[in-house]
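Proteins come first, then strands; the chains are lettered A, B, ... in the order of their sequence lines, and each starts at number 1. Predicted, not measured: the structure shown is a model, and the values here were computed from it.
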Protein chains: 4
Amino acid sequence: MSTRRTEPGRRVRLLETVLDLIARDGVAGATYRAVAAAADVPLGSMTYHFPTRDDMLYAAFSHLADTQHARFDQIMAASPDGEDPRERVVDLIVTHGGGYGRDMVLSAELYALAVRDERYRALIQDWMGRSRVSLERHFAPELTPMIDALAEGLVLHSHISTEPFDVDRVRAAVYRLIGPSGDATTP
Amino acid sequence: MSTRRTEPGRRVRLLETVLDLIARDGVAGATYRAVAAAADVPLGSMTYHFPTRDDMLYAAFSHLADTQHARFDQIMAASPDGEDPRERVVDLIVTHGGGYGRDMVLSAELYALAVRDERYRALIQDWMGRSRVSLERHFAPELTPMIDALAEGLVLHSHISTEPFDVDRVRAAVYRLIGPSGDATTP
Amino acid sequence: MSTRRTEPGRRVRLLETVLDLIARDGVAGATYRAVAAAADVPLGSMTYHFPTRDDMLYAAFSHLADTQHARFDQIMAASPDGEDPRERVVDLIVTHGGGYGRDMVLSAELYALAVRDERYRALIQDWMGRSRVSLERHFAPELTPMIDALAEGLVLHSHISTEPFDVDRVRAAVYRLIGPSGDATTP
Amino acid sequence: MSTRRTEPGRRVRLLETVLDLIARDGVAGATYRAVAAAADVPLGSMTYHFPTRDDMLYAAFSHLADTQHARFDQIMAASPDGEDPRERVVDLIVTHGGGYGRDMVLSAELYALAVRDERYRALIQDWMGRSRVSLERHFAPELTPMIDALAEGLVLHSHISTEPFDVDRVRAAVYRLIGPSGDATTP
DNA sequence: GATGAATGAGACTTCATTCAT
DNA sequence: AATGAATGAAGTCTCATTCAT
C-alpha cells in the first residue's frame, strides 16, 4: 500500500528484528510472520531476502557474532596504562553478565542450535577463535580457553541465579585461575 | 485391540521418550505427535498424561534433573581414600564432556528455556543447589559456584570445539582455581 | 461452528468432491483448500483424512477406478441373446465417448500422472487388467489389448475433435479389427 | 555483468527447456523460476519473453507440435519402393512407443490440458489434421482417424504397461484394421 | 531491450488442543 | 482410564506478476 518501493538497508534491519524476537521469544518465536509484522514488511519480503527460515536464522546469528565480537574486542583493548589486564576479564564478566539479558538469551539459543547443528557449531568456533585472539593480547595462549570457559559459565549461571554477582569473589577466582603473570601454566 | 491395556510405567517411559526426542531434534521436535509415535502410544494418551505440551516438557526436564543429579552425586562421592578431591572435578569435566552428547544437548535446550522462563530457571536453581551440596563435601562453599561455572563452561565449549580435551590443562586450571586446600579464598 | 461433530461417510464424500474438482479444474485445481470449500468441511479435516495431498489424489483415483470398472463390466455383460458381442464394444466407445466429459477429463489427468509416477501406473495397470477380464468374456485374450487400445484412442480423439462420432465408421473399424469371430489372430 | 549480453536464440532455447521440465516434472513443474534456473537465465527474462505463464506453456506446446510433426511426416514418407505402406504405421507405433518416454509424457500433459481448454484442443486438432495429411499419402481418408486412434491408444498403453510391445501382434492388428488395400471401407 | 527487487495470494502441512465415547 | 475424531490457527515456502531502472 505504501509507496516505499525500495529500502536499501532492509536486510540488516530485518536481521536486527530477528535478533530482537529471538531475545524475546526464543528461536521458535522468530517466525517469518512474526518478523515481518515486527519490522512492518510484507511477508513475501522475508522469503525474498531469506529463502529459507534457516537462512534467516543463520544470517541473524552471523550478524550477532560480528557485532558482539567488536564489543568484546573493544573491552579487552581498553586497558588503562598500568592496569592488571586480569581486570579486563573481571569487567567483561560482570558487565556482560549483569547487563544485557538480550545477549545472554541469544547466546543460549545459539548454543542450543550449535550442539545439534554443525553449521552453527562452526559459527561459534570461529567466534571463539576471534575472542581468543583478543584475549591473547594479554594472556598466554594455553590459558585463553580456560578464561573463556570460566567467563561463559559464570555469565550463564548469573543469569539463572537470582543472586547478583559477588564481584570480589569473581575477581579472586579470575586472579587465581590466571595466576600472577599470564604465562604461568603449572599449578 | 492391543494386548497391553494398562501400562503402569507409561508416564516415565513417555518422559524418557521426550528427552530422547529433545536430544535428537531439540525442544521444537518434541511434539505430542512425535512423542506418541516414538513411544508407540495413541495420540490421545499424550494429553491424558500431560494436559499441556508445556506440562510434558517441564515434567521431562524435572525427570532429567533427578536422573542427572544422582549421577553427579555418585561421581563426587566416589573419592578413593587419600585422593585429592580436585580429581573428582577433573573426572567430572572430562567424563561428562567427552562422553554423552545427549546430556549436553539436553542441558543446552534447558538453558535456552531457562533464560526466558522463570519456571525453568527455578528448576535449574534447584538442580544447581543440589550440585553444590555435593561439591561442599570437599570444598569451601565460596568456591563451589566458581567450580560449577568452570565445569559448565568447559563442557559446553568442548562440545562446540572439535579438539578433544587436554586433560592436563584442565587439571592445571582446576587445581589453580581451587587452590591447594579447598578452603583458601584469597588470591 | 455447526454442531455436526461426526460424519461417517465424509471420506467418500470428499473423494467424490476431489474428482469433481479435478474434472473441472484439473489435478492442479484439486487443492486442499478448494476441496474443503467445495465440500463445506474445515481445512483441518482434509489433512486428517488425507495426510498428504498425494494421498488424497491417489485415493480419489483409486475410487474412480473402482467406480468406472463396475460400469464398464456392466456394459460388457449386457449382451442381449444372439447379439454380436462386437456391438458391446461399439456401444462402449460411442456411449462413453459421446457421453460424460467428466470421465474423459479424469482419464486424461490420470494418464498424465501415470506416465511420470509408478504408483499411478500400477493403478492403471490393475484397472486395465480388470477391463481385459471383462472383455475376455467375449473375445480371445490376444485381441483384448488391441480392442482396449482402439477404444481408448477413439474416445480420446473424439473429445479433442469437434466432429461427432461417425458410428458406422467406428463399427466398421471395430468389426475389422476383431474379425468375424473373436478368436482369429492371423491377418 | 556476464559476457553474453544478447542471445538471439534465447526464446527457442527457453521453449526447449520448458519442454524438458514438463517431461520431467509435469506442467506443474514448469514454473517461471524453474525454467529460468534450468536455462540459466534471469527471472525477469522469462516475463519479458512470455508475459504470462500460459503464454509460455502454449508456445512450448506449439513448438512441440511443429517438431513432432516433422518427424512423423518423415517416418511416413520413408517408404522404400514396393514396401507395404502399412509397415510405416507399424514402424511408427513400435519406434515411438518403445523409444522416447519424453514424447509420451509431453503428449499426456498436452491432452490433459486440451480436454479442459479450447486453445489447446485447437492446437491438437491442427496437429492431428497435419498427421492425417501425412497418412493420406498411403491410405483412404476414412481410415486415417482409425489408424491414428489405434496408434495413439497403443503407444499410450505401452507406456503404462510393463510388458514390451509384441510387434507381431501389433502388425496383425494394423493389417486387419486397414485391410489389404488402403481403400477398403466395408467390413 | 532486459532485469533485479519486491509483493500478495495461496499452497501444503503440522500441531496443540477439545470433546464424545 | 483412555482414545479416536476432529478442528482452527499458524507455519514455511512457492509463485506469477508488477514495476522502476
Side-chain angles (χ1 to χ4, degrees), chain A residues 1-8 10-11 28-37 41-57, chain B residues 1-2 4-8 10 28-36 41-56, chain C residues 1-8 10-11 28-37 41-56, chain D residues 1-2 4-8 10 28-36 41-57:
Chain A
M1 257 341 120
S2 78
T3 26
R4 167 178 28 133
R5 282 210 65 78
T6 53
E7 178 198 340
R10 176 172 289 188
R11 205 187 122 95
T31 67
Y32 275 146
R33 275 164 149 76
V35 176
V41 151
L43 189 52
S45 186
M46 297 306 304
T47 49
Y48 176 72
H49 287 287
F50 312 106
T52 280
R53 184 174 174 251
D54 190 66
D55 290 343
M56 176 180 86
L57 294 175
Chain B
M1 211 150 303
S2 80
R4 185 201 327 128
R5 281 209 68 80
T6 52
E7 180 197 345
R10 175 172 289 189
T31 66
Y32 275 147
R33 283 169 154 72
V35 176
V41 151
L43 180 56
S45 183
M46 297 306 302
T47 47
Y48 174 72
H49 286 286
F50 312 105
T52 277
R53 185 175 174 249
D54 189 67
D55 291 343
M56 176 181 86
Chain C
M1 258 341 119
S2 80
T3 26
R4 165 178 31 131
R5 283 208 66 79
T6 53
E7 180 196 340
R10 177 173 287 188
R11 204 188 122 94
T31 68
Y32 275 147
R33 276 165 149 75
V35 176
V41 151
L43 187 53
S45 185
M46 298 305 305
T47 50
Y48 176 72
H49 287 286
F50 312 106
T52 281
R53 185 175 175 248
D54 189 69
D55 290 343
M56 175 181 87
Chain D
M1 208 153 307
S2 82
R4 185 203 324 130
R5 281 210 66 81
T6 52
E7 180 197 344
R10 174 171 290 189
T31 67
Y32 274 148
R33 282 169 153 73
V35 176
V41 152
L43 180 56
S45 184
M46 297 306 303
T47 48
Y48 175 72
H49 286 286
F50 312 105
T52 276
R53 183 173 175 251
D54 189 68
D55 290 343
M56 175 180 87
L57 295 174

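- A sub-4.0 Å separation between OP1 or OP2 of E:dT13 and a side-chain N or O of C:Tyr32 is present.
- What you find for A:Ala36 and A:Leu43 is that their closest heavy atoms are CB-CA, 4.1 Å.
- F:dC15 atom P lies 13 Å from atom CG of D:Leu57, rounded to whole Å.
- Between the A:Tyr32 side chain and the A:Arg53 main chain, a donor and an acceptor come within less than 3.5 Å of each other.
- Here the CE atom belonging to C:Met56 is positioned 7.0 Å from the OG1 atom belonging to C:Thr31, to the nearest 0.5 angstrom.
- The interatomic distance linking B:Met56 (CE) with E:dC15 (P) rounds to 11 Å, in whole Å.
- Nucleotides of DNA chain F nearest to D:Thr31 and A:Ala30 differ in position, and the one nearer the 5' end is that of A:Ala30.
- Under the 3.5 Å distance criterion, the side-chain polar atoms of A:Thr52 are left unmatched by any main-chain donor or acceptor of A:Asp55.
- Only A:Pro42, A:Gly44, A:Ser45, A:Tyr48, A:His49, listed by number, bring a heavy atom of residues 42-53 of chain A to less than 4.0 angstrom from any atom of DNA chain E.
- In plain terms, the two heavy atoms of D:Gly29 and D:Ala34 that are nearest each other are O-CB, 3.5 Å.
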>> Please convert DNA chain E into dot-bracket. A pair counts if it is Watson-Crick or G-U wobble with both distances under 3.5 Å; crossing pairs go in [ ] and bases paired with another strand get |.
In response: .||||||||||||||||||||
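- Across all their heavy atoms, C:Val41 and C:Ser45 have their closest contact at CG1-CB, 3.2 Å.
- Put simply, CG on D:Asp54 is 14 Å from C1' on F:dT17, counting in whole angstrom units.
- Here the side chain of A:Arg33 is nearest to one of F:dT17, E:dA16, F:dT12, namely F:dT12.
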